[in-house]
Asker: 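I'd like to ask you about the structure that follows.
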Amino acid sequence: MKRLLVITGGLVCVLAAAFLWITQLHRQVDQRSAELAVQIRQRETVEHQRAMEQERTRIAQDLHDELGSGITEISMLVSRAKLSSASDEKRHQYLELVREKARETVMVLDEIVWAMNPRHDSLASLVSYLSIYADRFLGLANIAWRLDNAAGTANPIVDSRSRHQLFLAFKEALTNVVRHAGATEVLLSVRAENGELLLNISDNGRGFSPTAPAPSEAMDGIANMRTRIEKLGGRFEINGDPNHGATVRFSVPLTGPHS
């Protein structure tokens, strides 16, 4: 009986020690979990701040690159128009150039504001904006265009940076069509597929031969498009045949599904 009591007492002591150890372990786990939660929040805050700084830097660079030269040109034209030696005809020409440059600057600012607005972070908004621009730009050049939007009901997220760079590459593609293709029609195709946004611009113009040298302006435009798309982690392609038009293809990764 005494031996049983000793064994029982020993078991009680072991259980008590185990209970205390488990309690202490739970406290340590809870404490460590709280510390990790704080660290995660701090890291998320730092990452968010870093992302915000990168976004501010990008926007400042966009404003500098796309608006700075236009504003400088306007200032120079106004200075020339104010010269006492300038004839009335020259003044009129300078002021017409100021009006045109001011209109272009306002359009560029509108593009940047659109790109910055998170309400437009969707494929539907991107397609709408591309269509508005194509209608205005190609309409002035008397070039017909059609939209083949195979995106269906899906409306995935397209973040600000991707939308802006895609739009600038799209502008470059249409500029090349107007200046070099001699086309009468352009077909735009936009769709989301396998986690990618696919944008094609096809024209029925003169096309090109892979062995023939392209105009320097067209080569610069192609280089700019390639750089913008590759910065997004995407792919750029251009294909064409003499007298059978050309097709520019952009493929960029999507952020995720739209809520």
Side-chain angles (χ1 to χ4, degrees), residues 55 58-59 62 66 103-104 106-181 183-205 221-222 224-240 245-259:
E55 186 69 5
R58 183 183 68 80
I59 292 168
D62 288 342
E66 299 182 43
R103 186 184 67 82
E104 292 176 3
V106 170
M107 288 175 61
V108 169
L109 183 58
D110 176 73
E111 293 162 9
I112 294 175
V113 170
W114 167 79
M116 289 169 52
N117 192 333
R119 291 190 305 169
H120 300 307
D121 284 354
S122 69
L123 178 57
S125 179
L126 175 64
V127 171
S128 175
Y129 203 78
L130 296 182
S131 298
I132 291 170
Y133 181 82
D135 194 59
R136 180 174 63 230
F137 185 74
L138 295 177
L140 290 173
N142 293 318
I143 297 176
W145 71 280
R146 294 183 293 115
L147 173 65
D148 176 18
N149 183 9
T153 58
N155 190 24
I157 290 172
V158 186
D159 61 32
S160 171
R161 177 170 176 263
S162 296
R163 284 189 295 110
H164 196 199
Q165 294 303 317
L166 270 168
F167 175 71
L168 294 177
F170 176 76
K171 282 178 65 176
E172 197 83 58
L174 292 193
T175 298
N176 275 357
V177 170
V178 170
R179 289 181 177 175
H180 308 294
T184 59
E185 186 176 35
V186 170
L187 173 64
L188 308 180
S189 171
V190 187
R191 69 182 187 275
E193 184 176 286
N194 298 325
E196 287 187 320
L197 189 157
L198 308 177
L199 170 59
N200 295 345
I201 304 104
S202 301
D203 68 72
N204 66 346
I222 290 171
N224 289 339
M225 286 186 283
R226 187 183 303 279
T227 298
R228 292 187 188 282
I229 298 304
E230 290 182 351
K231 279 184 178 180
L232 297 175
R235 302 185 307 280
F236 167 83
E237 297 177 20
I238 180 168
N239 299 294
T247 297
V248 172
R249 295 184 176 90
F250 305 142
S251 306
V252 299
L254 288 166
T255 304
H258 196 277
S259 57

Asker: Check whether any side-chain heavy atom of Asn239 sits under 4.5 Å from a side-chain heavy atom of Arg249, and report yes or no.
Answerer: yes
Asker: Could you work out, with side chain to side chain donor-acceptor pair (under 3.5 Å) as the rule, every residue matching Glu230, not counting sequence neighbours?
Answerer: none
Asker: Could you grab the distance from atom CG of Leu199 to atom CZ of Arg191, nearest 0.5 Å is fine?
Answerer: 10.5 Å
Asker: Which value, rounded to the nearest 0.5 Å, describes the distance between Ile201 atom CD1 and Leu187 atom CG?
Answerer: 10.0 Å
Asker: Test side chain to side chain contact (heavy atoms under 4.5 Å, CB included) on Leu198 and Val190 and set out the steps.
Answerer: CA-CA 6 Å; Leu198 308 177; Val190 187; over 6 Å; no
Asker: Identify the heavy atoms of Ala169 and Ile229 that sit nearest to each other, and give their distance.
Answerer: CB-CD1, 4.1 Å
Asker: Of all residues at least two apart in sequence or in a different chain, which pass the side-chain contact (heavy atoms from CB on, under 4.5 Å) check with Ser131?
Answerer: Val127, Trp145, Leu147
Asker: Begin with the C-alpha distance, continue with both residues' side-chain angles, and end with the deciding distance and a verdict on side chain to side chain contact (heavy atoms under 4.5 Å, CB included) for Leu197 and Val158.
Answerer: CA-CA 9 Å; Leu197 189 157; Val158 186; 3.7 Å; yes
Asker: If the condition is ring-ring contact (aromatic ring centres under 6.0 Å, His included), which residues does Tyr129 pass it with, not counting sequence neighbours?
Answerer: Trp114, Phe167
Asker: Compare every heavy atom of Arg163 with every heavy atom of Leu126, then report the nearest pair and how far apart it is.
Answerer: CD1-O, 4.2 Å
Asker: Which residues pass the salt bridge (charged side-chain N to carboxylate O under 4.0 Å, His left out) test with Glu196, not counting sequence neighbours?
Answerer: Arg235
Asker: At what distance, to the nearest 0.5 angstrom, does CG of Leu130 lie from CD1 of Ile132?
Answerer: 9.5 Å
Asker: Nearest heavy-atom pair of Asp121 and Asp159: which atoms, and what distance?
Answerer: OD1-C, 3.8 Å
Asker: Is there a side-chain contact between Asn176 and Ile222, using heavy atoms and a 4.5 Å cut-off?
Answerer: yes
Asker: Side-chain donor-acceptor pair under 3.5 Å between Thr227 and Asn224, yes or no?
Answerer: no
Asker: Rounded to the nearest 0.5 Å, what separates atom OG in Ser202 from atom CG in Asp148?
Answerer: 9.5 Å
Asker: So do the side chains of Leu254 and Ile157 get within less than 4.5 Å of each other, counting heavy atoms only?
Answerer: no
Asker: Are the side chain of Thr175 and the backbone of Lys171 linked by a donor-acceptor contact shorter than 3.5 Å?
Answerer: yes
Asker: Mind listing the closest non-hydrogen atom pair of Ala192 and Leu123 along with its distance?
Answerer: CB-CD2, 4.1 Å
Asker: Does any part of the side chain of Phe236, heavy atoms only, come nearer than 4.5 Å to the side chain of Val248, both counted from C-beta?
Answerer: yes
Asker: Just jot down the side-chain contact (heavy atoms from CB on, under 4.5 Å) partners of Ala181, sequence neighbours excluded, or say none.
Answerer: Val177, Ala183, Asp203
Asker: Could you list the residues that satisfy side chain to side chain donor-acceptor pair (under 3.5 Å) with Glu237, not counting sequence neighbours?
Answerer: none
Asker: Can you pull out every salt bridge (charged side-chain N to carboxylate O under 4.0 Å, His left out) where at least one residue sits in residues 126-146? Sequence neighbours excluded, please.
Answerer: Arg146-Glu185
Asker: Kindly give the heavy-atom pair with the smallest separation between Phe170 and Phe250, and that separation in Å.
Answerer: N-CE1, 3.9 Å
Asker: Does any non-hydrogen side-chain atom of Val178 lie less than 4.5 Å from one of Leu138?
Answerer: yes
Asker: Can you name the side chain to side chain donor-acceptor pair (under 3.5 Å) partners of Asn204, sequence neighbours left out?
Answerer: Thr184
